[in-house]
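In what follows, a structure is listed as C-alpha cells, so that the remarks can point back to it.
Remember, it's a predicted structure, so these values are computed and weren't measured experimentally.
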Protein chains: 2
Amino acid sequence: MEEAQAQSKNALKKAEKQAKMAAAKAEKAAKTLPVVGGAGKKANDSKEIIGITVSKAENFPIWYQELVLKAELVEYYSEISGFYILRPAAMYIWNGIRKFFQEKIEEMGIEETNFPMFLSSKSLEKRLTSDAGEVGIRDLRTRATTEHVEGFAPELAWVTKAGDKDLEVPVAVRPTSEAVMYPYYRKWIRSHRDLPFRLNQWNNVVRWEAKQTTPFIRTREFLWQEGHTAHLTEELAAKEVLEILDLYAAVYNELLAVPVVRGKKTENEKFAGALWTSTCEAYIPTNGRGIQGATSHALGQNFSKMFDISVEDPEKKQDKIHVWQNSWGLSTRVIGVMVMLHGDDKGLVIPPRISKLQVILIPVGLTAKTTPEERTKLLTQLDELQSTLKKAKVRADVDTRDNYSPGYKFADWELKGVPLRLEFGPKDAAQAVVSYARRDTGAKGTIPIANLATEVPEILEIIQKDMYNRADESFKSHRLVLREWEKVVPALDSRNVVLIPFCEEPSCEERIKELTKGQEQEPGPDGLKQPTMGMKSLCIPFDQPDIIVANETKCLNPECGRFAKSWTMFGRSY
Amino acid sequence: MEEAQAQSKNALKKAEKQAKMAAAKAEKAAKTLPVVGGAGKKANDSKEIIGITVSKAENFPIWYQELVLKAELVEYYSEISGFYILRPAAMYIWNGIRKFFQEKIEEMGIEETNFPMFLSSKSLEKRLTSDAGEVGIRDLRTRATTEHVEGFAPELAWVTKAGDKDLEVPVAVRPTSEAVMYPYYRKWIRSHRDLPFRLNQWNNVVRWEAKQTTPFIRTREFLWQEGHTAHLTEELAAKEVLEILDLYAAVYNELLAVPVVRGKKTENEKFAGALWTSTCEAYIPTNGRGIQGATSHALGQNFSKMFDISVEDPEKKQDKIHVWQNSWGLSTRVIGVMVMLHGDDKGLVIPPRISKLQVILIPVGLTAKTTPEERTKLLTQLDELQSTLKKAKVRADVDTRDNYSPGYKFADWELKGVPLRLEFGPKDAAQAVVSYARRDTGAKGTIPIANLATEVPEILEIIQKDMYNRADESFKSHRLVLREWEKVVPALDSRNVVLIPFCEEPSCEERIKELTKGQEQEPGPDGLKQPTMGMKSLCIPFDQPDIIVANETKCLNPECGRFAKSWTMFGRSY
C-alpha cells in the first residue's frame with residue numbers, strides 16, 4: 001500500500017510540474033495573442049496563435065488546462081493555489097443550470113435558505129468529545145457521523161484571527177453544511193406536520209485539498225447547491241433521493257448533452273455520514289475514465305440521532321421518531337465534465353441549450369474592392385438576420401470587428417464553442433441564403449433567408465441531440481460487461497469502464513484496486529508516464545445488465561470466492 | 001473625543017445586554033408558542049403569544065429583534081456572534097431584488113463573474129511595503145488606496161490553518177473585492193476597445209465588526225452584489241455611477257416602498273478608496289435616524305494607478321490612459337430597512353410586489369354545528385378562489401390548518417406581513433363575496449367573487465403605492481431645512497433629519513458631530529438611556545432645497561465661519 005502511495009505521489013508531483021509548465025506556456029501564449037491594439041493593424045490570421053497548442057488525444061490534461069484558460073472559462077488565481085476565477089462564459093453556464101434546477105425544486109416545494117459560512121470549532125468539538133455538560137452526546141454519534149466530522153477535518157480552512165486579534169474560538173469555513181444546519185433543524189422541526197422539511201442553499205464551500213487541483217473538477221473553493229431535507233419515513237426520504245438524482249441526470253442529459261449512468265455507491269465510495277449514496281456517473285472517452293457527476297444521499301437517521309431531530313409518532317402518540325434525512329449537491333464540476341467530453345482540438349463545443357451565444361453571424365467576402373456602401377449594406381442585412389433570429393428566440397450576435405479577418409473570427413468562435421456559425425457575404429446575399437457551419441461536426445450547408453427563423457432552431461436542436469447521442473453511443477460501447485477477470489485490465493487499458501459481478505465487500509473492493517494497478521507505461525492519452533491507476537467502483541447501476549443468480553454467480557475477483565450481489569461498474573476515475 | 005467614545009462604549013454594552021435579554025425572551029416565547037402538536041389540541045388564540053411583546057414606539061431595537069425572529073426572517077446563529085441564518089421568508093425578498101437588479105444590469109451589458117473568496121496576505125503586503133522586488137509600487141499608491149487597504153484591515157478574518165497545518169501565507173476572507181479583482185483587470189483590459197469593461201458578482205463577504213451587530217443592518221457576514229467596472233473617461237464612468245444609483249433607488253422605491261434621498265457623500269463619509277461616492281439614504285421615522293441604503297462609487301484612477309490598469313489613448317496613440325473605475329454594491333441590509341420602516345406592533349408589513357404570499361385566504365364561520373359536507377364545500381370554494389387568483393398572477397394560498405382558530409391565523413399572517421387577508425365563510429358564500437382586510441391599514445371591505453381577478457391585483461397595487469406614499473410624506477415632513485443653528489438639536493430630538501448650509505470641510509463635519517451630541521436622557525424611542533448621538537452627514541442631496549449664494553451663504557456651524565458649498569443632509573444615523 002505505502003509503496004503504491006509513494007509511487008502515486010511521485011506521479012502526482014510529476015503531473016503537477018507538467019501542469020505548471022503547461023499553464024505557464026498557455027499563459028505566455030495568451031499574452032502573445034495578437035490583441036485588438038491601438039495600432040489598428042490587421043491581426044495575424046494563424047489559428048495556432050489563438051487556438052489550442054496541444055492535441056486532446058495526445059496530452060489530455062494539458063489540452064484541458066489550455067482550453068479552459070484560452071476559451072476564457074476560468075483564469076488561474078495566481079495569489080493562492082487551487083483557486084480559480086470563474087469568468088462570464090462559465091458563469092453563464094452555471095446560471096443556466098441554476099435556473100433549471102431551481103425551478104424544478106421550487107415546484108417540489110423546497111425553499112431557499114442561507115446559513116453562515118463558518119462553523120464553530122466548539123460545535124465540532126462538542127460532538128467529538130463527551131464533556132461534562134454534554135453527557136450522552138457522544139453516545140448518540142454513530143460511526144457514520146464520526147466519519148463525517150473526521151472525514152472533512154483535514155480539509156478545513158480555519159479562521160483564527162480577526163483583524164490583529166486571535167479569535168477566542170477558531171471557526172472553520174464550511175466544507176458542506178450538515179453540521180452547520182442540523183442543530184437548527186432540531187429547533188425548527190417540532191411536529192410531524194412540519195415534515196417534509198426541505199431547504200436548499202446556493203453557496204460556495206471550501207475544501208483545502210492536498211491533491212492536485214484541476215479547474216472545475218477539483219478546486220479548493222467551488223460553487224454548488226446543497227439541499228438538506230427531513231422526512232417522516234425512510235420510504236419518503238428514499239423517494240426524494242431518487243427524484244433529485246433524476247434532476248441531476250436531467251442537467252447532464254438535457255442541458256449539457258452528457259450521458260450518465262445512475263446507480264448506488266458502494267460502502268467504500270458513499271458519502272461520509274450517509275446510509276447510502278446515489279450517483280450519476282459520467283465517462284470521459286479520451287482517457288477512458290469515469291467521473292462522478294453529482295450525488296444525492298440518504299442520510300438515514302445518522303444525523304437526526306446525533307442532533308436529536310425528532311417528532312412524535314403520528315400513529316403511536318407516545319413514541320418519538322428520529323427524522324429521515326437527505327442531502328444532495330450539484331457543483332460547478334458539471335462544467336468541467338462538459339468541457340472534457342465535448343471539447344476538441346479547436347476548442348470548446350457547447351451544447352446549444354446552455355450556450356450563451358447559439359449563433360455567431362460573420363460577414364464574409366469583403367475585399368479591398370468592396371465599396372463603403374456595399375459594406376454598410378451587408379452589415380445592415382446582418383443586423384436584420386440577427387433580429388430575425390432574436391425574434392425566433394435564438395441567442396445570436398454579429399461579429400463586426402473590422403480588424404480581424406473572417407478566418408481569425410472563425411477560429412475565435414470555434415475556440416469559444418459557439419454551436420452554429422452563419423457566414424453571410426455578397427454571394428450569399430445574391431442567392432438570398434446564409435451559409436452555415438456546425439461547431440460539433442463541421443458540417444456545412446446553406447439556409448434560405450426566408451427559412452432562417454424555423455431552420456436555425458431546428459439545427460440547434462439537432463446539434464444538441466447529436467452531441468448527446470454520440471456521447472451516449474461512446475459511453476455504451478465502452479461499458480464492457482465482463483465475466484472473465486483476465487479481460488479486466490486490458491479493457492481498462494483500452495479506455496473502457498467495466499461491469500463485473502461483485503460481492504460488494506469493502507475489503508474486496510480495496511483488493512480489486514490493488515490487483516488492477518499496472519506497471520509504468522509509455523505516456524498514454526493522459527500524457528503521464530506513471531503506473532496506471534487501479535480501478536475503483538463507480539456505482540452499482542440501477543439498470544443492471546444481467547441477472548445475478550443468488551448463491552451461484554461469483555464475485556469476479558479471483559481471490560474473493562464470495563457470491564456476487566450485483567453487477568458493479570468499475571473504472572479508472574477522477 | 002475619548003470620553004465620548006467611552007460613554008458610547010458603555011451605552012453599547014448596555015444595549016448589547018438588553019438586546020441579549022430580549023433575544024433570550026423572544027427565544028423563550030418562541031419555544032412556548034403553541035405549536036401544531038401531535039396532541040391535536042386547539043391552539044391558544046391569544047395574540048400575545050405569537051405576536052410581538054414589545055411596542056415599536058416604546059422600544060424600537062427590541063421590537064425589531066423580536067420581529068425578525070418571530071416573523072421567521074432570520075434565526076440567530078448561536079455558534080458565532082454577529083452571524084445570522086437567512087430563512088426562506090428573507091431569501092424570497094432577496095431573490096426578488098436580485099432578479100430585478102440582475103435583469104437591469106444584463107440589459108446594460110454587465111457580465112457575471114465569480115472570484116475566489118480569499119485574498120492573499122502577500123498581495124496586500126506587496127502593496128503595503130515597497131520591498132526590493134517591487135520598487136515603485138509604493139509610489140503608485142494614492143492616499144485613497146492606502147486608506148482602502150488599511151480601512152478594511154481591522155475587520156479582516158484571517159485563515160491561518162488548513163487541516164492541522166499552518167498556511168505558509170495566511171489568507172483573508174474578502175470584505176469587498178477591489179484588491180482581489182483588479183490585478184486581473186490589468187491583465188484583461190488590453191485596449192480601449194475592451195472598454196467599458198464591466199463585471200458583477202453576487203456573493204458573501206465578511207467584515208468582522210467590533211460594533212454591535214443587528215440582523216440585516218450590520219452583520220459580520222452578508223450577501224450582496226458587487227459591480228466593478230472600468231471606463232475610458234471620467235464622464236463615462238460618472239454616468240454609470242448614477243445609472244446604478246438609480247437602479248438602487250428603484251429597488252427601494254418600486255419594490256420595497258421605501259423612499260430615499262439620492263446624493264453625494266461628503267469626504268468624511270465616502271468609500272475608502274473612492275474619488276466620490278453616491279448614495280441612497282433612507283429614514284426610519286420611529287427613531288428619526290437616517291440609514292445608508294446603497295452606494296455607488298466613482299473610484300477615479302486611484303486603483304487603476306495602483307494596479308497599473310491602462311490602455312493606449314485612442315486619440316494620441318503614444319499616450320497611456322489609466323482607466324476610470326467604479327464599484328457599487330447592494331446588500332441584504334435593504335431587507336432590514338424595509339422591516340424597520342413598515343413593520344408595526346402586529347408584525348411585518350411586506351409590500352405586495354416583493355411578498356412571497358400576496359394574499360392569504362382564511363376559512364371563517366365554521367362552528368361546531370357545521371356539517372362535514374358544508375365544511376368540504378367551503379374548502380372547495382376556497383380552492384376555486386385561490387385558482388382564480390393564481391390565474392390573475394396573484395400569489396395566494398389557503399390556510400387550511402384545522403387545529404387553529406381564524407383569530408390565531410389572522411394574527412399569524414399579520415405577523416408574517418402578508419399584504420391582503422381574504423376571509424371566506426358561509427355568510428360570504430351566500431352573498432357571493434369575499435371579505436378582505438388590508439395588512440397596512442387594517443381597512444376592511446368586501447369584493448364580489450365575480451370581480452376577484454381584477455379587484456385583488458388593484459388593491460395590491462394600491463397597498464404598494466399607499467405604503468410608499470405614506471413613507472414618503474413622513475420622510476418629507478421630517479427633512480427640515482434649517483437656517484438657524486439653535487434649531488438643529490431640537491429638530492434631531494424631534495426625530496428629524498436636517499438640511500443645512502455646509503462648507504463641506506471634514507474638520508467642520510467632525511466638530512458638528514461633537515456640537516450636536518446631547519446629554520444622557522430618559523429612554524427614548526430607541527429604548528436606551530444614553531447620551532444622544534451626534535449627527536453625521538448623510539449626503540449632499542442632488543435635489544438641493546434652495547440656492548447657496550457663492551461667497552455669501554455661510555456654513556451653519558456657528559464656530560466655522562467658512563462659506564457654505566451646499567445644503568447637506570445631516571442626521572443621527574445607523
Side-chain angles (χ1 to χ4, degrees), chain A residues 35-39 75 77 79-80 83-88 90-92 94-95 111-120 122-123 153-164 169-171 173 180 183-184 187-188 190-194 199 203-204 206 208 221 223 311-314 317, chain B residues 35-39 75 77 79-80 83-88 90-92 94-95 111-120 122-123 153-164 169-171 173 180 183-184 187-188 190-194 199 203-204 206 208 221 223 311-314 317:
Chain A
V35 291
V36 190
E75 180 74 69
Y77 191 58
E79 279 74 3
I80 314 172
F83 290 79
Y84 302 89
I85 298 157
L86 300 185
R87 302 190 66 181
M91 287 308 292
Y92 184 89
W94 181 240
N95 283 334
E111 294 194 295
E112 193 162 335
T113 188
N114 189 268
F115 272 72
M117 60 177 288
F118 294 126
L119 181 60
S120 153
K122 250 190 205 160
S123 57
E155 296 176 359
L156 291 179
W158 287 100
V159 172
T160 60
K161 279 173 65 180
D164 54 2
V169 180
V171 299
V173 182
V180 178
Y184 297 89
K187 185 172 178 186
W188 294 333
R190 300 158 158 279
S191 151
H192 65 89
R193 298 193 197 210
D194 296 329
L199 297 176
N203 60 25
N204 55 340
V206 170
W208 211 280
E221 179 186 1
L223 302 182
V311 298
E312 218 174 48
D313 188 333
K317 298 291 183 200
Chain B
V35 292
V36 190
E75 180 73 69
Y77 191 56
E79 279 74 3
I80 314 172
F83 290 80
Y84 302 89
I85 298 157
L86 300 185
R87 302 190 67 182
M91 286 309 292
Y92 184 90
W94 181 239
N95 284 333
E111 294 194 294
E112 193 162 335
T113 187
N114 188 267
F115 272 72
M117 60 176 288
F118 294 126
L119 180 61
S120 154
K122 249 190 205 160
S123 57
E155 295 177 359
L156 291 180
W158 287 101
V159 172
T160 60
K161 278 174 65 179
D164 54 3
V169 180
V171 299
V173 182
V180 178
Y184 296 89
K187 184 172 178 185
W188 294 333
R190 299 159 159 279
S191 151
H192 65 89
R193 300 193 196 210
D194 296 329
L199 297 176
N203 60 25
N204 55 339
V206 170
W208 211 280
E221 178 186 0
L223 301 182
V311 297
E312 217 173 48
D313 188 333
K317 298 290 182 199

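Of the listed residues B/A157, B/G163, B/P314, the one with more heavy-atom pairs under 4.5 angstrom with chain A than any other is B/G163. No other option in B/L86, B/I80, B/N114 has as many heavy-atom pairs under 4.5 Å with chain A as B/N114.
Looking at B/W94, neither its backbone nor its side chain comes within 4.5 Å of chain A, counting heavy atoms on both sides. Neither the backbone nor the side chain of A/D164 comes within less than 4.5 Å of any heavy atom of chain B. Neither the backbone nor the side chain of B/V169 comes within contact range of chain A, judged by heavy atoms closer than 4.5 Å. Of the two parts of B/Y84, only the backbone, made up of N, CA, C and O, holds a non-hydrogen atom closer than 4.5 Å to a non-hydrogen atom of chain A. Using a 4.5 Å cut-off between heavy atoms, A/V311 makes no contact with chain B at all.
In this view, A/P154 satisfies the side-chain contact (heavy atoms from CB on, under 4.5 Å) rule with no residue, not counting sequence neighbours. For A/N95, the side-chain hydrogen bond (donor to acceptor under 3.5 Å, both in side chains) partners two or more places apart in sequence, or in a different chain, are B/E112.
Using bins of under 30°, 30° to 60° and over 60° for the plane-to-plane angle, the ring pair B/W208/A/F118 lands in the tilted bin.
With contacts defined as side-chain heavy-atom distances shorter than 4.5 Å, the pair B/N204/A/N203 does not qualify. Between A/P183 and B/E79 the shortest side-chain heavy-atom distance falls below 4.5 Å.
Taken from CE in A/M91 to OG1 in B/T113, the straight-line distance is 7.5 Å, to the nearest 0.5 Å.
At least one donor-acceptor pair closer than 3.5 Å links the side chain of B/E221 to the backbone N or O of A/M117. B/Y77 places no side-chain N or O within 3.5 Å of a backbone atom of A/V180 that could act as its donor or acceptor partner.
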